[in-house]
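Naming convention: chains lettered A, B, ... in sequence-line order (proteins, then strands); numbering from 1 in each chain. Quantities reported herein were computed from a predicted structural model and do not represent experimental measurements. Basis for what follows: all heavy atoms, side chains included, without hydrogens, waters or symmetry-related copies.
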Amino acid sequence: MGSRYDDLLSLFVRRGFLWPAVDLYGGFAGFYDYGHLGAALKRKWEGVWLSYFLGLGDNYHLIDTTTILPEASLKASGHVDHFTDILVTCTKCKESHRGDQLIEAVTHEEAEGLTPAEVDAKIKELGIRCPKCKGELGPARPFNMMFPLAVGPSGRDRAFLRPETAQGAYLNFKREFEALRRKLPLGLAIVGRAYRNEISPRQGTYRMREFLQAELQIFFDPETADAEFPPGSIRADPIRVALAAEKHEPSARDRAPADLIARGLPAFYVHHLALVQRFYLDRLQVPRERFRFAELDERERAFYNKVHFDIQVDQGSLGGFKEVGGVHYRTDHDLAGHAAGSRKDLSVTIDGRKVVPHVLELSFGVDRNLWALLDLGYELSPSRAVLHLPRPLAPVAVGVFPLLSKAGLPERAESIYRQLRGGLDALYDEAGSIGKRYARMDEVGAPFCATVDHATLEDGTVTLRERDSTAQVRVASSGLAATLRDLIEGRTDFQALGPAVERN
RNA sequence: GCAGGCGUCAUCUAGCCUGGUUAGGAUACAGGCCUUCCAAGCCUGAUGCGGGGGUUCGAAUCCCCCCGCCUGCACCA
């Protein structure tokens, strides 16, 4: 166990994808930096994500909002209260316990939201001792998952780093609704950083204290939602789901959208499950059996979600299916909360009716998604190390080499490289043997390699090698950029370029 | 946060128990030679004991503290 994780991290570090932040000083738990390949991959992932999800609606738009939010807004959202746990540590065995749970275990009454002083008083009154060793419990102290900040010279304006990007969309809903001429559904997407003071960050970029979210908040009229997002268009998409009751099963099963609706899920929600699944299976090329939605039961759900399925990808390095995102039906919780907190009316008028729009949140952890893609794509065998990234996401699109470092081949290869690099992520390499250069490109996931040989000098063709099959065809160097773009964007099949070149 | 394990070149690792080595190897990397398509070969080169304190004539090695990583528990939108 753990070796897959080690192999992956070794690749990431050696090649320039990602590594622990500040590792010059020994590292900084919960923080990771991306190197040149990781940053490029992330940019491309964001581009694919934006084009797909903004493309789902005519009224879906990207916005960009602050990472620091004042206390009042996070009080209204519920985060100040619900993101805080009161911890009580045993003086004898040092075990930490949640104060509210200790009290609830005795009284069977809701105890969340008590202050530390109230928790101390209750513990004394009820004579609660450490459930583990019966030792005496120490004083209660608050632990909030949000990073507090003191804003301004006085430091009296309390604020926090945002624990999720979503609040930026809710805070700006009214403005955008007006600017976009009062139409629902309205989609507001944010790609940005969020911060949580995780107690024990672990497992690479899986649980971090600073991370990148890509979220689409869809504001809609609950009265007409199922008509707005009809299940008809996704009827032919069986959805891979593990229901809450069967979440300990290792996999998932395909269920017809109609079955899920019959189980009580809203049709508009099932509609979006199918769309998210298409993104993973088609755009990110995740193998079907390694993808699933996992339903969360009431205990596991966040305080604001009415329906919640995790988006999960099966990852060898992390020991199985792990969450990379979620589809959350947040109802009117957020807009109603901000309406109350700000004392502004956030309802809108649709067809003469006043409604507070409901929100469906499609939420993605970008770092988790990148890790998952790299894990799924990395094939490490005694004979080859290949990163099978989807072509549009590969940080290096094409390697350009001279077959030999002499006879004018490097000059010709470099000139082809210079023509390509304007519109493509091309890389020139003449170090080592040709086989070594192919191996280098395989390991960073470059889908193609173009090699200049003596025939190039005579007829202007180069060999073009495809990463996954290692097959080669001869193509004209003059149209290489267009050919590569067609291949990367899926307009051309590699096989259609011509007969494969025989290997000597 | 608790418990256990761990930390040596870019990567994987030998050395640590039993203190004294020019800290060794492999891979990778750089330069050169060779080479007409898949990590070949030869020559040359650079890079390391997580950080800080202590013990000692002498510390990668023994002790303490810190940082980080892994696993389990707890926590987890």
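- Evaluation of the ring pair (Phe, Tyr, Trp, His ring centres under 6.0 Å) test over residues 360-380 of chain A, restricted to residues two or more places apart or in two chains, returns Y5(A)-W371(A), F12(A)-W371(A), W49(A)-F364(A), F53(A)-F364(A).
- A straight line from CG of L318(A) to P of G72(B) spans 11 Å, rounded to a whole angstrom.
- Close to A40(B), at under 4.0 Å from its OP1 or OP2, lies a side-chain N or O of S433(A).
- Among the nucleotides A30(B), U11(B), U71(B), the one closest to the side chain of R202(A) is U71(B).
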Indicate every side-chain donor-acceptor pair of residues 19-30 of chain A with a distance under 3.5 Å to a residue at least two apart or in another chain.
none

Between N or O atoms, less than 3.5 Å apart, protein on one side and nucleotides 45-52 of chain B on the other: list the pairs.
none

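- For the pair Y206(A) OH and C75(B) C1', the interatomic distance rounds to 13 Å; values are reported in whole Å.
- Between the C1' atoms of G15(B) and A74(B), the separation comes to 38 Å (whole Å).
- Note on Q213(A): a base of the nucleic acid sits closer than 4.0 angstrom, heavy atoms only.
- A donor-acceptor contact under 3.5 angstrom links the side-chain atoms of R465(A) to the base of C38(B).
- Contacts of H272(A) classified as ring-ring contact (aromatic ring centres under 6.0 Å, His included), with partners at least two apart in sequence or in another chain: F229(A).
- Nucleic acid contact for Q472(A): base, since at least one base atom lies under 4.0 Å from a heavy atom of the residue.
- Taking the six-membered ring where the residue is Trp, F147(A) and Y195(A) present perpendicular rings, their angle passing 60° and hence far from 30°.
- Taking 4.0 Å as the cut-off between side-chain N and carboxylate O, E164(A) and R330(A) count as a salt-bridged pair.
- Geometrically, R368(A) engages Y206(A) in a cation-pi contact defined by less than 6.0 Å to the ring centre and at most 45° from the axis.
- Heavy atoms of A166(A) sit nowhere under 4.0 angstrom from any nucleic acid atom.
- With S342(A) contributing its side chain and H338(A) its backbone, the two residues share a donor-acceptor pair below 3.5 Å.
- Taking atom C1' on both nucleotides, U27(B) is separated from A46(B) by 16 Å, rounded to a whole Å.
- Taking only side-chain atoms of K406(A), from C-beta outward, the nucleotide of C70(B), U36(B), C37(B) with the closest atom is U36(B).
- In this entry the distance linking CZ of F83(A) with P of C75(B) reads 15 Å, nearest Å.
- Spacing between C34(B) and G19(B) at atom C1', rounded to whole Å, works out to 48 Å.
- Between D23(A) atom CG and G68(B) atom P the separation is 13 Å, expressed in whole Å.
- Each salt bridge (charged side-chain N to carboxylate O under 4.0 Å, His left out) pair with one or both residues in residues 308-320 of chain A, not counting sequence neighbours, appears once here: R290(A)-D314(A).
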Symbol by symbol from the 5' end, with Watson-Crick or G-U pairs under 3.5 Å, [ ] crossing and | another strand, RNA chain B is (((((((..((((......[...)))).(((((.......)))))....(((((..]....))))))))))))....

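- Comparing U21(B) with A30(B), their P atoms are spaced 34 Å from each other, to the whole Å.
- Counting any heavy atom pair closer than 4.0 Å across all strands shown, G204(A) reaches sugar-phosphate atoms only and no base atom.
- Listed nucleotides U35(B), G68(B), A74(B) differ in distance to S200(A); the shortest reach to its side chain belongs to A74(B).
- Note that R292(A) lies in the cation-pi zone of F321(A), set by a 6.0 Å cut-off to the ring centre and a 45° limit from the axis.
- Contacts of R368(A) with the nucleic acid, taken as non-hydrogen atoms under 4.0 Å apart, include base atoms.
- C17(B) and U61(B) have their P atoms separated by 9 Å, given to the nearest Å.
- Comparing G45(B) with C49(B), their C1' atoms are spaced 22 Å from each other, to the whole Å.
- Taking atom CZ of residue F28(A) and atom P of nucleotide C66(B), one finds them 17 Å apart after rounding to whole Å.
- In terms of position on RNA chain B, the residue among F211(A) and P201(A) whose nearest nucleotide sits closer to the 5' end is P201(A).
- Note: CG (L404(A)) to P (C37(B)) measures 8 Å, nearest angstrom.
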Acceptor/donor pairs from residues 31-41 of chain A side chains to any protein atom, 3.5 angstrom cut, sequence neighbours excluded:
{"residue": "Y34(A)", "atom": "OH", "partner": "D367(A)", "partner atom": "OD1", "Å": "2.7"}

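- Legend: salt bridge (charged side-chain N to carboxylate O under 4.0 Å, His left out) pairs involving residues 66-75 of chain A, not counting sequence neighbours, sorted by first then second residue: E71(A)-R158(A), K75(A)-D81(A).
- R440(A) meets the salt bridge (charged side-chain N to carboxylate O under 4.0 Å, His left out) test with D429(A); sequence neighbours excluded.
- Note on S363(A): nothing from the nucleic acid sits closer than 4.0 angstrom, heavy atoms only.
- When the C1' atom is compared between U8(B) and G4(B), the two are found 23 Å apart, to the nearest whole Å.
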Restricting to nitrogen or oxygen on both sides, can you table the protein-nucleotides 23-29 of chain B pairs closer than 3.5 Å?
{"residue": "C29(B)", "atom": "OP1", "partner": "R440(A)", "partner atom": "NE", "Å": "2.5"}
{"residue": "C29(B)", "atom": "OP1", "partner": "R440(A)", "partner atom": "NH2", "Å": "3.1"}

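- For the pair R193(A) and F211(A), the cation-pi criterion (under 6.0 Å, within 45° of the ring axis) is not fulfilled.
- Under the ring-ring contact (aromatic ring centres under 6.0 Å, His included) criterion, Y269(A) pairs with F309(A), not counting sequence neighbours.
- When the side-chain nitrogen and oxygen atoms of Y438(A) are compared with OP1 and OP2 of C37(B), none of them lie within a distance under 4.0 Å.
- Donor-acceptor pairing under 3.5 Å, judged by distance alone, is present between the side chain of R207(A) and the base of C76(B).
- Residue whose closest nucleotide on RNA chain B sits further toward the 5' end, between A431(A) and T463(A): A431(A).
- Atom CZ in F401(A) sits about 18 Å away from atom P in U36(B), given to the nearest Å.
- T470(A) contributes no side-chain N or O that forms a donor-acceptor pair with the base of C38(B) under 3.5 Å.
- A59(B) sits 42 Å from G41(B) when the C1' atoms are compared, rounded to a whole Å.
- For residues 377-388 of chain A, every residue pair satisfying the salt bridge (charged side-chain N to carboxylate O under 4.0 Å, His left out) rule, not counting sequence neighbours, is listed here: R384(A)-D442(A).
- Within the 4.0 angstrom heavy-atom criterion, only backbone atoms of the sugar-phosphate kind lie near S10(A); the bases stay farther away.
- Summarising the geometry, the separation between CZ on R437(A) and C1' on U36(B) is reported as 12 Å, rounded to the nearest angstrom.
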